[in-house]
Protein chains: 2
Amino acid sequence: MKLTSKGRYAVMALVDLARFNNINPVSLRDISLRQGISLDYLEQIFSKLRKKEIVQSVRGTQGGYILNKKTNEIKLTNIFEAVDEKVKTVQCKKESKKSCNGKTVKCLTHNLWDELENHINNFFDEKSLEDLVKDNSERRI
Amino acid sequence: MKLTSKGRYAVMALVDLARFNNINPVSLRDISLRQGISLDYLEQIFSKLRKKEIVQSVRGTQGGYILNKKTNEIKLTNIFEAVDEKVKTVQCKKESKKSCNGKTVKCLTHNLWDELENHINNFFDEKSLEDLVKDNSERRI
DNA sequence: AGATACTTGACTATTTTAGTCGGGTTTATA
DNA sequence: TATAAACCCGACTAAAATAGTCAAGTATCT
């Protein structure tokens, strides 16, 4: 089990964005340079973040992205959801499987994965961008 | 983030094994049939479980595997460790990265992934095979 | 002897991931 | 109004991980 780069990048980029969000839009080029993430890849990620209304875009020169909500309103859950990073521990839910459909027939470990999913999701539900920004408040860069 | 089949299979197989463990060794063939897991794949998995002394093998006819410890002594952590299913959320720890080595220089989200890792590991540390067997104690098959 | 079952290592198809690439469109500003 | 900065979008691709398969053993019971 591991978190993929897409999710990690999304969070890193948003923390970066949140920290420089004060006055002007922040360009992906800047985030790319500061965080060492490929610009092309960032564009894919921000396209999804925009569709889920986590950020707003400002086109043209001096353009970039701004947060669309307050930092305490953006939970990690929202971010992961936006970039399709799903916490799916249970594959046994698939319709086709006769040994486990989650309802009438459950595999030996079905409840376990359900519990785990909840456990992780609780963590993500509680953590907001604000928390992460505060964690880094004493930093220069 | 998702749990891979190897880890899920390992847990399923061990729950199955624990339930039929009473008298005789349980053959992988039986587990394969009951749980719908490829026999060849199970062999790989049990080879690792044996090396970590979670199970013992009994060769020859009527052979199979038996648990090497009490069910309450086998934590999910042990199982995942054995089959190389690591909860690694943080790739930024890699030595080569200048932006984050975990010590002198930390990336913006380093603490977050550390926390998450602990959160998940706590869950796995507490859950034992015994708990899972009890969950299924009312089942026939 | 033969069948059952573990043991081991190498091989492979599929899927996922982490990008890249090439072409746009929009807008500030010189 | 030309230009450059920046967003926008879809298709493509190399590399890695995953989930197996396969072949050739060895041990042990009956």
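A, B, ... follow the sequence lines: proteins, then strands. Residue 1 opens every chain. Source: prediction; values computed, not measured.
Taking the six-membered ring where tryptophan is involved, the planes of A/Trp113 and B/Phe80 are tilted, since the angle between them lies from 30° to 60°.
At C/dT7, one or more side-chain N or O atoms of B/Ser57 fall inside 4.0 Å of OP1 or OP2 (strictly under the cut-off). Regarding contacts with the backbone of D/dA19, every side-chain N or O of B/Ser38 stays at 4.0 angstrom or more from both OP1 and OP2.
Distance B/Leu42 CG to C/dT7 P: 13 Å, rounded to the nearest Å. Per the geometry, CG belonging to A/Asp30 stands 7 Å off P belonging to D/dA6, to the nearest Å. One atom, CD of A/Gln62, and another, P of D/dA6, lie 7 Å apart when rounded to the nearest Å. Summarising the geometry, the separation between CG on B/Leu39 and P on D/dA23 is reported as 15 Å, rounded to the nearest angstrom. As rounded to whole Å, 19 Å separates atom C1' of C/dG22 from atom OH of A/Tyr41. Atom CD of A/Gln44 and atom C1' of C/dG22 are 14 Å apart (whole Å). Taking atom CD1 of residue A/Ile45 and atom C1' of nucleotide D/dA6, one finds them 17 Å apart after rounding to whole Å. Spacing between atom NZ of A/Lys6 and atom P of C/dG19 amounts to 11 Å, rounded to whole angstrom units.
By the neighbour-count criterion of 12 heavy atoms within 6.0 Å, atom CD of B/Glu43 is densely surrounded, having more than that number from other residues, nucleotides or ligands.
The 5' end of DNA chain D is approached more closely, in terms of each residue's nearest nucleotide, by A/Arg50 than by the other of A/Arg50 and B/Arg59. The nearest heavy atom of DNA chain C to B/Leu28 and to A/Gly60 marks one nucleotide each, and the one closer to the 5' end goes with B/Leu28. Between A/Ser47 and A/Thr61, the residue whose closest nucleotide on DNA chain D is further toward the 5' end is A/Thr61.
Listed nucleotides: C/dT8, C/dG19, D/dT21. Nearest to the side chain of B/Lys51: C/dT8. When the nucleotides C/dG19, D/dG20, D/dC8 are ranked by their closest atom to the side chain of A/Glu43, D/dC8 comes out on top. Nearest to the side-chain atoms of A/Thr4 among the listed nucleotides C/dT8, C/dA18, D/dC8 stands C/dA18. Of the candidates D/dC7, C/dG19, D/dG20, the closest approach to any side-chain atom of A/Ser5 belongs to C/dG19.
Contact check on B/Arg34 versus B/Asp16 returns a salt bridge, with a Lys/Arg side-chain nitrogen under 4.0 Å from an Asp/Glu carboxylate oxygen. The pair B/Glu115-A/Lys127 counts as a salt bridge, with a side-chain nitrogen and a carboxylate oxygen less than 4.0 angstrom apart.
Each of B/Ile74, B/Thr71, B/Asp135 was evaluated against B/Glu130; a single residue qualifies, B/Thr71, per the side-chain contact (heavy atoms from CB on, under 4.5 Å) test.
Contacts of B/Tyr65 with the nucleic acid, taken as non-hydrogen atoms under 4.0 Å apart, involve only primed sugar atoms and P, OP1 or OP2.
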